[in-house]
Amino acid sequence: MSDDSRICLGAISGSFGVKGEVRLKSFTATPEDIAAYGPLESEDRALSFEITLSGQPAKGALVARLSGVATKEQADALRGVRLYAERDRLPSLPDDEFYHADLIGLEVFDTGGAPLGRVKAVLNHGAGDLLEIHGPALKATVLLPFTRDAVPTVDLASGRIVADPPEGLF
């Protein structure tokens, strides 16, 4: 299980070729930076890998070699493994930027103080981040754009987000 001292930087999406390389989905701002954070660990800390990027193109992913992985079968077995780094190895962020892990679990309130739900996930399908909001009063998941207009306040210290959602979203 992950904890607050670690941040998920990527996930192995499968093997690439027959020589043990993997397709790697990077969650870092600059995808290639994932290799710069030293060894990355699996969520359960059972596996640790040094990453060397190959430079080969792969649609939607990086191609990488992981230390200790030499065959396609070994690479195939790692599909879905999420890779974590200790938080203290990552750069500090400006006041208006957040690690996704810090947003998940925050309570969401409207500008009048009424509870809207809780952040279950942060998604990005190419057009910007979306907060996936769940709550007992919601009939379905709500995807709130994570923009300054829709989310004017993020208060990590108190564990809350103040949202000004577009009309009709909730």
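Within the 4.5 Å cutoff, no side-chain heavy atoms of Phe16 are placed close to those of Arg65. With contacts defined as side-chain heavy-atom distances shorter than 4.5 Å, the pair Ser5/Glu86 qualifies.
Expressed to the nearest 0.5 Å, how far CG of Leu123 lies from CG of Leu131 amounts to 8.5 Å. Taken to the nearest 0.5 Å, the CD atom of Gln74 stands 10.0 Å off from the CG atom of Leu66. The OG atom of Ser15 sits 8.5 Å away from atom CD of Glu73, with the distance rounded to the nearest 0.5 Å. Annotation: the span from Tyr84 atom OH to Arg89 atom CZ amounts to 14.0 Å, rounded to 0.5 Å. How far CG of Leu40 is from CD1 of Ile7: 12.5 Å, rounded to the nearest 0.5 Å. Distance check, rounded to the nearest 0.5 Å: CG of Leu116 to CD1 of Ile161 gives 10.5 Å.
Under the rule for a side chain to side chain contact (heavy atoms under 4.5 Å, CB included), the partners of Thr111 that lie at least two apart in sequence or sit in another chain are Val162, Asp164. Asp76 meets the salt bridge (Lys or Arg N to Asp or Glu O under 4.0 Å) test with Lys72; sequence neighbours excluded. Shown here are the salt bridge (Lys or Arg N to Asp or Glu O under 4.0 Å) partners of Arg23, two or more places apart in sequence or in another chain: there are none. Partners of Ser158 by side chain to side chain donor-acceptor pair (under 3.5 Å), not counting sequence neighbours, listed by chain and number: Asp155. Thr147 meets the side chain to side chain donor-acceptor pair (under 3.5 Å) test with no other residue; sequence neighbours excluded. By the side chain to side chain donor-acceptor pair (under 3.5 Å) test, Ser42 is found to be paired with Asp44, residues two or more places apart in sequence or in another chain being considered.
Hydrophobic clustering (ILVMFWY, side-chain heavy atoms < 4.5 Å, transitive): Ile34 and Val69 are in one cluster. Hydrophobic clustering of Ile, Leu, Val, Met, Phe, Trp and Tyr side chains at less than 4.5 Å, counting indirect connections, keeps Phe109 apart from Leu169. Grouping the Ile, Leu, Val, Met, Phe, Trp and Tyr side chains by contacts below 4.5 angstrom, directly or via other members, places Val119 with Phe170.
The two residues Leu9 and Tyr37 make their nearest non-hydrogen contact at CD1-CD1, 3.6 Å.
Hydrophobic side-chain contacts under 4.5 Å tie Val18 to no other Ile, Leu, Val, Met, Phe, Trp or Tyr residue.
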Name the atoms and distances for all side-chain donor-acceptor pairs under 3.5 Å in residues 48-63, with sequence neighbours left out.
unit_1 : atom_1 : unit_2 : atom_2 : d
Ser54  : OG     : Gln56  : N      : 3.1
Ser54  : OG     : Val63  : O      : 3.3

Sequence neighbours excluded and cut-off under 3.5 Å, please list the side-chain donor-acceptor pairs for residues 132-144, or say none.
unit_1 : atom_1 : unit_2 : atom_2 : d
Glu132 : OE2    : His134 : NE2    : 2.7
His134 : NE2    : Thr141 : OG1    : 3.3

Distance-only donor-acceptor pairs under 3.5 Å for side chains of residues 90-106, two or more places apart:
unit_1 : atom_1 : unit_2 : atom_2 : d
Asp96  : OD2    : Arg148 : NH2    : 3.2
Tyr99  : OH     : Pro91  : O      : 2.6
His100 : NE2    : Asp129 : OD2    : 3.3
Asp102 : OD1    : Arg87  : NH1    : 3.3
Asp102 : OD1    : Arg87  : NH2    : 2.7
Asp102 : OD2    : Arg87  : NH1    : 3.1

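Within the structure, every pair that satisfies the salt bridge (charged side-chain N to carboxylate O under 4.0 Å, His left out) test and touches residues 103-123, not counting sequence neighbours, is listed here: Glu107-Arg118. Residue pairs meeting the salt bridge (charged side-chain N to carboxylate O under 4.0 Å, His left out) criterion with at least one member in residues 25-42, sequence neighbours excluded: Arg6-Glu41, Glu41-Arg45.
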Review point. Going through the distances and angles, do Thr153 and Val151 end up as a side-chain contact (heavy atoms from CB on, under 4.5 Å)?
Key: CA-CA 6 Å; Thr153 305; Val151 183; over 6 Å; no
